[in-house]
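Reminder, nothing fancy here: chain letters follow the sequence lines and each chain counts from 1.
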Amino acid sequence: MKALKGFKDIIPGEVETWQFIEQTARSIFHRFTFSEIKVPVLEKTKLFTRSIGETTDIVEKEMYTFPDRNGSSLTMRPEGTAPVLRAYIENGLHAVKPVQKLYTIGPMFRHERPQKGRLRQFHQMSVEVLGEDNPLLDAEVMAMAWQIMKELGLTASLEINSLGCKECRPDFNRALLDFLDKANGLCDDCVRRRETNPLRVLDCKSSNCQEQYVQAPSILDFLCGGCDEHFKAVKNGLDMLSVPYKVNSFMVRGLDYYTRTTFELVTSDLGAQSAVGAGGRYDGLVKQLGGPDVPGIGFAMGVERLALLLDQLGKGVHSNGIDLFIAALGPEAQKKAFVLMNVLRGKGLSVSMDLMDRSLKNQMKQAGKAEASYVLIVGEQELANGEAVLRNMETHDQHQIAIKEAVKMWHEDLATFFATETTK
RNA sequence: GUGAGCGUAGCUCAGCUGGUGGUAGCACCGGGUUGUGGCCUCGGAGGUCGCGGGUUCAAGUCCCGUCGCUCACCCCA
């Protein structure tokens, strides 16, 4: 038996990097006063087709959709915004607080062909802010994403764009279609995209197409007064917070619900997958899903992609050391050590020992491998007068101490023990 | 959905024009050190060479098929 294609186990040695990423993000979410929300991974299909857009790739060919036993169509969530908004509406969170700042961390599912940085089950840390349309919020949200990258020790460039609103985007669409009608020699994909979603031709990677698109109308020239002002204020906000960014008027997102501000955290170190995080504003989506008419903005970061970047830079975390390893010699010592281990665990220490009656040398080896800060050696000799040898694995210092003392000691005390104790 | 590359030990890989599967590295176990780790040294264990078929006296090696993985296109976190 093997895991499904595109589904991966995160095993010890890898999971520590994930924990580092999640802990870092959670800490920052907390500082930016976001609350966690946990939502199901399975939803009615309609939730996604309505929000993401019927003609998007995600909905057309990437969703894990299947009939429930009663026949209704269910879908494994391909993204996190729709379920969170559903929960926001269903639980009446708009009435609890005028502005809700939410984050969630968990798996998403898309039936794509796996490649570097792209899996069928992947994990996102995503945030949503509902009920506020001030452009400073857009800047604040991007600053938070920036802060996460910073604290993870990663670099990426922030690209921003505005997609306008339902007032001005149609004008741009018309101008773009006019332009495309006149263009010639477009690649097959662009010819197809012109029909399905014209905005996306701008994102084409064919150099031939790109040469022509230099002349293409820019969405930014078509923004209505409100959208233009909003975009300027967003840039201003980023400047105020000293978050560097690049305006990329060709940037298009894969989900239909975005309005006004969109942004991506882009890196060149992930092979073909360049985005480690992306998001944007989606005013109107909550209403569209049957909720109150409140604006919203959010973004998601890909945990796999962050982990990949950390590993590539040698910044991955591969183990969490333990506080204490107890090396017991002989059956009597082992029994005493076994009880002692449990007591110390109850006091908050992470403690391990060997139960296979192996040599001290071997047990020391295990302690080293477990990255134990200290080793307590309990032998028959010491046991006779209730003592043991406590060894600091880093400094190689060791002292004879009474076992009763060890029981009383806390982790921090173990550290200071060597600083204060003089007997050897 | 399309294309390319690759499947040999737990992992990373040698294996030339077919001639008995590697004293390879890492990891694992044991000894050198009868009570002291990370280094060194000696030894040990571990394999249906992805699977199926074909060519041949002989296939890890060549051919066909199949499954799997990887990367890329597309798209995206």
Side-chain angles (χ1 to χ4, degrees), chain A residues 2-6 8 11 13 21 52 55-62 77-81 105-127 145 156 187-190 192-193 196-197 200 203-206 251-255 263-267 270-280 298-309 321 325 327-330 333 354 356 358-383 388-398:
Chain A
K2 294 189 64 179
L4 295 171
K5 182 200 284 286
K8 286 271 179 297
I11 59 176
I21 292 168
I52 297 170
T55 64
T56 58
D57 275 22
I58 292 178
V59 168
E60 277 184 346
K61 49 191 194 192
E62 295 174 0
R77 63 179 185 193
E79 59 107 34
T81 298
I105 299 176
M108 307 294 164
F109 306 84
R110 291 183 201 169
H111 194 110
E112 300 184 86
R113 199 70 174 265
Q115 67 187 66
K116 184 170 182 164
R118 191 171 77 187
L119 294 168
R120 289 184 173 178
Q121 177 178 335
F122 60 102
H123 297 76
Q124 290 187 334
M125 309 186 294
S126 62
V127 308
C187 70
D188 293 349
D189 283 326
C190 280
R192 178 179 55 79
R193 279 185 283 231
T196 56
N197 193 339
R200 277 198 233 157
D203 212 25
C204 182
K205 278 156 193 118
S206 150
M251 190 178 77
V252 174
R253 315 272 28 265
L255 299 88
F263 60 96
E264 279 184 11
L265 284 163
V266 186
T267 167
L270 283 175
Q273 319 310 320
S274 57
V276 283
F299 73 84
M301 297 179 93
V303 181
E304 281 82 358
R305 292 184 181 179
L306 292 170
L308 219 47
L309 286 173
F325 187 95
L329 301 164
D354 169 77
M356 294 194 283
R358 301 215 261 191
S359 67
L360 178 59
K361 175 197 173 106
N362 188 295
Q363 295 191 54
M364 291 303 292
K365 218 173 182 176
Q366 290 181 63
K369 218 166 291 164
E371 291 182 44
S373 303
Y374 297 91
V375 171
L376 188 72
I377 300 166
V378 184
E380 304 289 357
Q381 294 161 25
E382 293 90 345
L383 202 58
V389 172
L390 182 62
R391 179 180 175 84
N392 180 321
M393 292 295 273
E394 208 182 329
T395 65
H396 301 195
D397 286 343
Q398 60 183 45

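With sequence neighbours excluded, the residues that form a side chain to side chain contact (heavy atoms under 4.5 Å, CB included) with A/Pro114 are A/Lys5, A/Arg120. A/Met393 meets the side chain to side chain contact (heavy atoms under 4.5 Å, CB included) test with A/Met364, A/Ala367, A/Val375, A/Arg391; sequence neighbours excluded. Partners of A/Glu112 under the side chain to side chain contact (heavy atoms under 4.5 Å, CB included) rule, at least two apart in sequence or in another chain, are A/Glu62, A/Arg110, A/Arg118.
Only the P atoms considered, B/rG35 is 45 Å distant from B/rG21, to the nearest whole Å. Using C1' as the reference atom, B/rG15 and B/rC28 are 24 Å apart when rounded to the nearest Å.
Stem analysis of RNA chain B (Watson-Crick or G-U pairs, both distances under 3.5 Å, runs of at least three) returns B:1-7 with B:67-73, B:10-12 with B:24-26, B:28-32 with B:40-44, B:50-54 with B:62-66.
The CZ-C1' distance, from A/Arg305 to B/rC75, rounds to 10 Å in whole Å. Look at CZ on A/Arg113: it is 11 Å from P on B/rU70, rounded to the nearest Å. A/Glu380 has its CD atom 15 Å from the C1' atom of B/rU34, to the nearest Å.
Here the closest non-hydrogen pair linking A/Phe299 and A/Ala145 is CZ-CB, 3.6 Å.
In this structure, A/Lys2 does not reach the B/rG68 phosphate: none of its side-chain N or O atoms is under 4.0 Å from OP1 or OP2.
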B/S/- contact track for nucleotides 26-32 of chain B, protein heavy atom under 4.0 Å: --SSS-B

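No engagement by A/Gln121 is indicated, since no non-hydrogen atom pair under 4.0 Å with the nucleic acid exists. Here A/Ala367 lies out of heavy-atom contact (under 4.0 Å) with every strand.
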For nucleotides 43-52 of chain B, list the nitrogen or oxygen atoms of the protein found under 3.5 Å from its nitrogen or oxygen atoms, one pair per line.
none

